[in-house]
Participant: 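My structure is below; once you've seen it, I'll send some questions.
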2 protein chains.
Amino acid sequence: MQLSMRTDYALRALFTLVEHRGGPPIPILELARRNDVPKRFLEHIMLDLKEKGWVASTAGKRGGYQLAKNPEKITMGEVVRHFDGYLAPIACVSVTDYKRCTQETTCRFRRVLLTARNLVANLMDRTTLADVMKSPVVSPDELRKIQGIDGEGI
Amino acid sequence: MQLSMRTDYALRALFTLVEHRGGPPIPILELARRNDVPKRFLEHIMLDLKEKGWVASTAGKRGGYQLAKNPEKITMGEVVRHFDGYLAPIACVSVTDYKRCTQETTCRFRRVLLTARNLVANLMDRTTLADVMKSPVVSPDELRKIQGIDGEGI
DNA sequence: CACAATGCGACCCATCAGGTAGTATTACTG
DNA sequence: CAGTAATACTACCTGATGGGTCGCATTGTG
Ligand code: SF4
Ligand code: SF4
């Protein structure tokens, strides 16, 4: 799973909307500024999010975007999958977008890739936007020593 | 971590070499055939593996490739990283090829991505080629129900 | 109506993964 | 030592795609 810019941008926008849930619509320009995303590009992404039913838009003056769905009902996995196709490190072990390979019957390392996909898929599918919102941001010196972390829970 | 074809091909070749460790050199043509990899392309990859010191080549008649390093001393993580740069789903949480992002101080979902990276990194860095070799191949109906698997151990 | 917003198709454009080709070199074998 | 079977190496091709811009239409508010 390599996150594309699209997905990253989408998530940035989504979380600002989660944060301002209940408030007035937020225009793209605002979303773009706050999250450091090219406005014009974000347009397309928002459109995409809208089609998916995750956000709602109101046009015209005082328009903008709002979250359209309960953030406890949107998982990280769904979002990433929608933009990037699948969570697996390779298509031959993807559940949602499986692609066959000629070597499957003999391939040795496929198992470890499957394990990897299961680890991230379980994590991502269990984690909702609401969950993420509750967790604290990563601190700088937490990053400095990530080597040691065992990565349990979020 | 999205595996590139290169990496996949490299691993295919590596494991055939692991399998025939101690035996005579295996020519590229053979490696290519057995693993269904374009021969010409594999050349580059093998050269790369050689520079890394993982395989050794002998030219001329009866030449070919052999594993040059103990498979217990090569981890999956090393191989993937060598070809694809890093294991993390995004550069801002990569240990080996960290890239800064302007949103780090406020980003909410970075934490879950960090967790994901730790899960796969731990797995991949703990798993050596020898380990992989010992594990059985994934069976077809195992694949069919991967949904339920919890992905512990390899 | 003017203005402020989204909607949307068209297009651009660099990068890169994946792959091909040609030729040089090496070394075993008879 | 000639022939041949292999790797070594450099250069190049080429299509797809990710990331991004533009112009114009549409919608809604004051
Ligand atoms: S070689 Fe193994 S891992 Fe790679 S695609 Fe085929 S089955 Fe999957
Ligand atoms: S937005 Fe968050 S996740 Fe995306 S790059 Fe910046 S810090 Fe990392």
Side-chain angles (χ1 to χ4, degrees), chain A residues 1-13 17 24-33 35-68 80 82-86 89-91 97 99 101, chain B residues 1-13 17 23-33 35-68 80 82-86 89-91 99 101:
Chain A
M1 178 199 53
Q2 193 84 290
L3 239 62
S4 61
M5 278 298 126
R6 267 187 159 73
T7 314
D8 194 28
Y9 289 164
L11 287 170
R12 294 185 198 190
L17 294 187
I26 305 181
I28 283 195
L29 192 67
E30 186 65 16
L31 288 172
R33 253 204 306 254
N35 296 298
D36 193 22
V37 177
K39 182 200 157 191
R40 240 35 217 281
F41 190 29
L42 188 56
E43 265 178 33
H44 292 286
I45 297 171
M46 295 314 290
L47 212 49
D48 207 339
L49 289 174
K50 185 188 164 186
E51 272 160 27
K52 248 292 176 178
W54 287 326
V55 307
S57 68
T58 51
K61 224 169 193 169
R62 317 213 116 229
Y65 289 88
Q66 282 164 309
L67 202 65
V80 176
H82 178 248
F83 287 99
D84 290 346
Y86 52 84
I90 197 164
D97 195 16
K99 295 255 164 54
C101 165
Chain B
M1 179 203 50
Q2 192 84 292
L3 238 63
S4 60
M5 277 299 127
R6 266 185 158 73
T7 315
D8 194 29
Y9 290 164
L11 287 170
R12 295 186 199 190
L17 294 186
I26 305 181
I28 282 195
L29 192 66
E30 186 66 18
L31 288 172
R33 252 205 306 256
N35 296 298
D36 193 22
V37 177
K39 183 200 157 189
R40 238 36 216 278
F41 190 28
L42 188 56
E43 262 178 36
H44 294 287
I45 298 170
M46 295 315 290
L47 213 49
D48 206 340
L49 290 174
K50 186 188 166 186
E51 272 160 27
K52 248 293 176 177
W54 288 326
V55 307
S57 68
T58 50
K61 223 169 196 170
R62 317 213 115 227
Y65 289 89
Q66 281 164 309
L67 201 66
V80 176
H82 178 247
F83 288 99
D84 290 347
Y86 52 83
I90 197 164
K99 296 257 162 54
C101 164

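Worth knowing before you read on, the calculation uses all heavy atoms, side chains too, and leaves out hydrogens, waters and symmetry mates. Residue numbers begin at 1 in each chain, while the letters A, B, ... track the order of the sequences.
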Participant: State, to 0.1 Å, how close A/Ile90 and B/Gln2 come at their nearest heavy-atom pair, and which atoms those are.
Facilitator: N-OE1, 4.4 Å
Participant: How would you label the contact of A/Tyr9 with the nucleic acid (heavy atoms, under 4.0 Å): base, sugar-phosphate, or nothing?
Facilitator: sugar-phosphate
Participant: Could you tell me the separation between the CD atom of B/Gln2 and the P atom of D/dT17, rounded to a whole number of Å?
Facilitator: 13 Å
Participant: Output the rounded distance in Å from CZ (B/Arg33) to P (D/dA6).
Facilitator: 10 Å
Participant: Restricting to non-hydrogen atoms, name the atom on A/Ala10 and the atom on A/Ile45 that form the minimum distance, rounded to 0.1 Å.
Facilitator: CB-CG2, 3.7 Å
Participant: To the nearest angstrom, how far is B/Leu42 atom CG from C/dG19 atom P?
Facilitator: 11 Å
Participant: So if I define the base as every atom that isn't primed, P, OP1 or OP2, how would nucleotides 5-13 of chain C read as a B/S/- string at a heavy-atom cutoff under 4.0 Å?
Facilitator: BSSBBB---
Participant: Between atom NZ of A/Lys39 and atom CG of A/Leu42, what is the distance when rounded to the nearest 0.5 Å?
Facilitator: 10.0 Å
Participant: Work out which heavy atom in B/His44 is nearest to a heavy atom in B/Arg40; give both atom names and the distance.
Facilitator: CD2-O, 3.6 Å
Participant: As an exercise, state the distance from CD of B/Glu43 to CD1 of B/Ile28, rounded to the nearest 0.5 Å.
Facilitator: 5.0 Å
Participant: How close or far is atom P of D/dT21 from atom CE of A/Met5, stated in whole angstroms?
Facilitator: 14 Å
Participant: To the nearest angstrom, how far is B/Ile45 atom CD1 from D/dC9 atom P?
Facilitator: 16 Å
Participant: What integer distance in Å separates B/Leu49:CG from D/dC9:P?
Facilitator: 14 Å
Participant: Rounded to the nearest 0.5 Å, what separates atom CG in B/Leu49 from atom OG in B/Ser57?
Facilitator: 11.0 Å
